[in-house]
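Values below: all heavy atoms of this structure, side chains included; hydrogens, waters and symmetry mates excluded. Starting from 1, each residue takes its place in the sequence as its number.
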Amino acid sequence: MLTALIGFVILIFICVTVHEYGHYITAKLLGVQVHEFAFGMGPVIKQVKKNNMLWSWRLIPIGGFCRLAGMDEEEDDEEVIPGMGFNEQPAWKRFFILLNGALFNIILALILSTMFLWLNGVIDTEHAVIGEVLPDLPAMKAGIKTGDEILSVNNMKVTKWREMSDKIKSESIDSENHSVTLEILRDGKILTLDLVIPFNEEYGRPMLGVTPANVRYGFLRACKSSAGFIYRVTALSLRGIADLVLRKQEIEVTGPVGIASMSGQAIRSGFWGFIMFIAIVSLNLGIFNLFPIPALDGGRILFVLLEIILRRRLPERVENWIHTAGFVFLITLIILITFHDIYNIFFTH
C-alpha cells in the first residue's frame with residue numbers, strides 16, 4: 001500500500017509538473033504574465049517571489065499548477081499588467097499556451113521511452129539468442145551459455161524466440177524420451193547438442209531453462225523506435241475511445257485508485273519499469289487533455305479554434321459556464337471510476 005502511494009505521488013508530481021511547465025514556458029516566451037508556478041497543492045509551505053512572479057511549494061505533493069494573469073484567478077494583492085493578461089492575447093497565442101501543456105507530456109513520454117531503449121534496452125524476441133541460463137534445468141546441465149544462438153531444433157531452422165520456444169516444446173512432447181537436438185552458434189562456431197527436456201511440473205510445460213537476451217538500442221534507433229511507440233500507443237488510445245463511444249467493445253477505464261495500484265506494481269518491477277510506466281501515463285495524460293471536453297485544455301482549444309474560424313469570441317460568461325459544467329462532469333466521472341476501482345481491488349480478488 002505504501003509503495004503504491006509513493007509511486008502514485010511521484011508519478012502525478014512528474015506528469016502534472018511537466019504539463020504545467022509547458023503552459024508556463026510558452027506563456028513566458030509569448031509575453032504573458034504568470035502570477036504563480038506551484039509545486040504541489042494545498043496550503044503554502046514556502047514562496048519565493050522572483051521577477052514579479054511567485055514560485056510556491058505546497059503541502060500536498062501531488063501535481064501542481066501554473067496560474068496565468070488575466071484568467072480571473074487573481075488574488076487580492078495581484079494586478080494584471082496591461083496587455084499581458086491571458087485573455088487579452090490574440091487567439092494564436094492562447095492556442096499555443098493551451099496546447100503546449102499536453103505537448104510537453106507527449107515530449108516527456110518520448111524522452112523517457114528513448115532513455116529506456118538506449119540505456120536499459122528491451123527483451124530481444126526477434127532472435128533466438130540466450131540471455132540468462134536458469135539453474136538446475138536442462139539448458140545449464142547441457143552446457144548452454146549466455147550469448148548462444150539457437151539455429152535449429154531437430155534440424156528444423158528457427159530464427160525468432162517464439163518460433164524456437166514452440167518447436168522445443170512440441171518436439172520434446174512428441175519425442176518418446178523427450179530428447180531434442182539443438183544446433184547452436186557460439187563464438188562463430190556451430191555446435192550440436194543432444195539433450196532431454198522432460199515435462200516440468202512446476203512450470204506446467206517442458207522447460208529448457210533459458211530467457212531471451214536483452215538488447216540496447218543505439219541513440220538514433222532508440223529515438224526512431226520511441227517515436228513509433230508514441231504513434232502506436234496514440235492510435236491505440238484513440239481507437240479505444242472510438243470503440244467506447246460507438247460501443248463496439250467494452251473498454252476498462254481506470255481512475256486514480258487503479259493508477260495508484262499499478263504505480264505500486266511498476267515501482268516494484270524496478271527503476272526502468274517505473275520509468276516506462278511514467279512514459280505511458282504521461283502520454284495518455286497528454287492525449288486525454290487534448291480531447292475537446294469543456295474544462296480540459298482540448299475544450300479551451302476548441303473555443304479558440306471556433307473564434308479563429310468565426311472571427312468572433314464567445315461571451316466569456318457563457319464559456320465559463322460551459323467549462324464549469326464540464327468540470328462538474330469530469331469530477332463526477334472520476335468519482336464513479338474511483339468507486340469502480342475500489343470495488344475491483346477489494347471485492348473481485
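For the pair D124 (side chain) and E126 (backbone), a donor-acceptor distance under 3.5 Å is present. Using modelled atom types, one side-chain atom of E78 and one backbone atom of E75 make a donor-acceptor pair closer than 3.5 Å. With hydrogens and angles ignored, the 3.5 Å screen pairs a side-chain donor or acceptor of N154 with a backbone N or O of T181. Checking side-chain atoms of N105 against main-chain N and O of C15 turns up a donor-acceptor pair under 3.5 Å. Of the possible polar contacts, one joining the N284 side chain to the I280 backbone as a donor-acceptor pair under 3.5 Å is found. Although no hydrogens or angles enter the test, the distance criterion places a donor-acceptor pair under 3.5 Å between the side chain of E74 and the main chain of G70. Using modelled atom types, no side-chain atom of S165 and backbone atom of R162 make a donor-acceptor pair closer than 3.5 Å. The backbone N or O of T159 lies less than 3.5 Å from a partner atom in the side chain of E163, making a donor-acceptor pair. With E88 contributing its side chain and G85 its backbone, the two residues share a donor-acceptor pair below 3.5 Å. Looking at D194, its side chain never comes within 3.5 Å of a backbone N or O of S179 through a donor-acceptor pair.
Distance CE/M207 to OG/S172: 11.0 Å, rounded to 0.5 Å. Annotation: the span from W161 atom CH2 to T211 atom OG1 amounts to 6.0 Å, rounded to 0.5 Å. To the nearest 0.5 Å, the span separating CD on Q33 from CE on M71 amounts to 13.0 Å. Expressed to the nearest 0.5 Å, how far CG of L191 lies from CG of D187 amounts to 8.5 Å. Atoms CG and OG1, on L119 and T114 in that order, are 10.0 Å from each other to the nearest 0.5 Å. Atom CD1 of I150 and atom CG of L185 lie 11.5 Å apart (nearest 0.5 Å).
When side chains are defined from C-beta on, V32 counts as touching Q89, because their heavy atoms get closer than 4.5 Å. Contact annotation: the side chain of F96 never approaches that of L29 to less than 4.5 Å [non-hydrogen atoms, C-beta and beyond]. No side-chain heavy atom of I275 sits under 4.5 Å from any side-chain heavy atom of N120. Within the 4.5 Å cutoff, the side chain of I184 has no heavy atoms near those of the L151 side chain. Residues L59 and V44 are not in side-chain contact: their nearest non-hydrogen atoms beyond the backbone lie 4.5 Å or more apart. When side chains are defined from C-beta on, E183 counts as touching I190, because their heavy atoms get closer than 4.5 Å. Looking at I97 and L68, their side chains come closer than 4.5 Å, going by heavy atoms from C-beta outward. Looking at F229 and L110, their side chains never come closer than 4.5 Å, going by heavy atoms from C-beta outward.
Using a 30° and 60° split on the angle between ring planes, Y24 and Y21 fall in the tilted class, from 30° to 60°.
Applying the side-chain hydrogen bond (donor to acceptor under 3.5 Å, both in side chains) test to pairs two or more places apart or on separate chains, those with a residue in residues 298-311 are R94-E307. Residues in residues 22-46 take part in these salt bridge (charged side-chain N to carboxylate O under 4.0 Å, His left out) pairs, two or more places apart or across chains: E36-R58, E36-R67.
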* Checking ring-ring contact (aromatic ring centres under 6.0 Å, His included) for the pair F39/F37: CA distance, chi angles, key distance, verdict? -> CA-CA 7 Å; F39 299 96; F37 190 98; 5.2 Å; yes

* Asked: Should I322 and F303 be marked as a side-chain contact (heavy atoms from CB on, under 4.5 Å) after you check the CA-CA gap, both sets of side-chain angles, and the distance that decides it?
  -> CA-CA 11 Å; I322 293 173; F303 284 111; 3.8 Å; yes

* Asked: Taking it one step at a time, do H23 and D297 satisfy side-chain contact (heavy atoms from CB on, under 4.5 Å)?
  -> CA-CA 10 Å; H23 292 316; D297 290 336; 3.1 Å; yes

* **L182 vs I168, side-chain contact (heavy atoms from CB on, under 4.5 Å): CA-CA, chis, key distance, verdict** => CA-CA 9 Å; L182 302 180; I168 287 177; 4.1 Å; yes

* side-chain contact (heavy atoms from CB on, under 4.5 Å) between D136 and M140, intermediate numbers included -> CA-CA 7 Å; D136 303 321; M140 178 169 281; 5.5 Å; no

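Within a 6.0 Å sphere centred on NZ of K93, other residues, nucleotides and ligands contribute more than 12 heavy atoms. Residue F199 qualifies as enclosed at atom CZ: its count of foreign heavy atoms under 6.0 Å is above 12.
Figure legend: cation-pi geometry between R221 and Y217, with NZ or CZ positioned under 6.0 Å from the six-membered ring centre and within 45° of its axis.
The two residues S225 and L117 have their closest heavy-atom pair at CB-CD1, 3.6 Å. When all heavy atoms are compared, the tightest approach of I267 to F274 is N-CD1, 3.9 Å. The two atoms that bring M41 and I62 nearest to each other are CG-O, 3.0 Å, heavy atoms only. Here the closest heavy-atom approach between residue L137 and residue L208 is recorded as CB-O, 3.9 Å. Among all heavy-atom pairs drawn from A279 and S113, the shortest one is CB-N, 4.4 Å. N289 and A102 make their closest contact through CB-CB, 4.3 Å (heavy atoms, listed as atom of the first residue, atom of the second, distance).
Linking Ile, Leu, Val, Met, Phe, Trp and Tyr residues whenever their side-chain heavy atoms come within less than 4.5 Å places I10 and M115 in a single cluster. Residues L296 and L306 do not share a hydrophobic cluster, defined by chaining ILVMFWY side chains whose heavy atoms lie under 4.5 Å apart. By the criterion of side-chain heavy atoms lying less than 4.5 angstrom apart, applied directly or through intervening Ile, Leu, Val, Met, Phe, Trp or Tyr residues, F86 is not grouped with L302; the two fall into different hydrophobic clusters. There is no path of hydrophobic side-chain contacts, each under 4.5 Å, that joins I278 to L285. Residues L112 and L11 share a hydrophobic cluster, clusters being chains of Ile/Leu/Val/Met/Phe/Trp/Tyr side chains in contact below 4.5 Å.
When ring centroids are compared, W272 and F277 stay outside the 6.0 Å threshold.
Residues Q47 and S56 bring a donor and an acceptor atom of their side chains to less than 3.5 Å of each other. Inspection of the E149 and H127 side chains reveals no N or O donor paired with an N or O acceptor under 3.5 Å. No side-chain N or O of N52 forms a donor-acceptor pair with one of H35 less than 3.5 Å apart.
The side chain to side chain contact (heavy atoms under 4.5 Å, CB included) search around Q265 returns S261, R268, not counting sequence neighbours.
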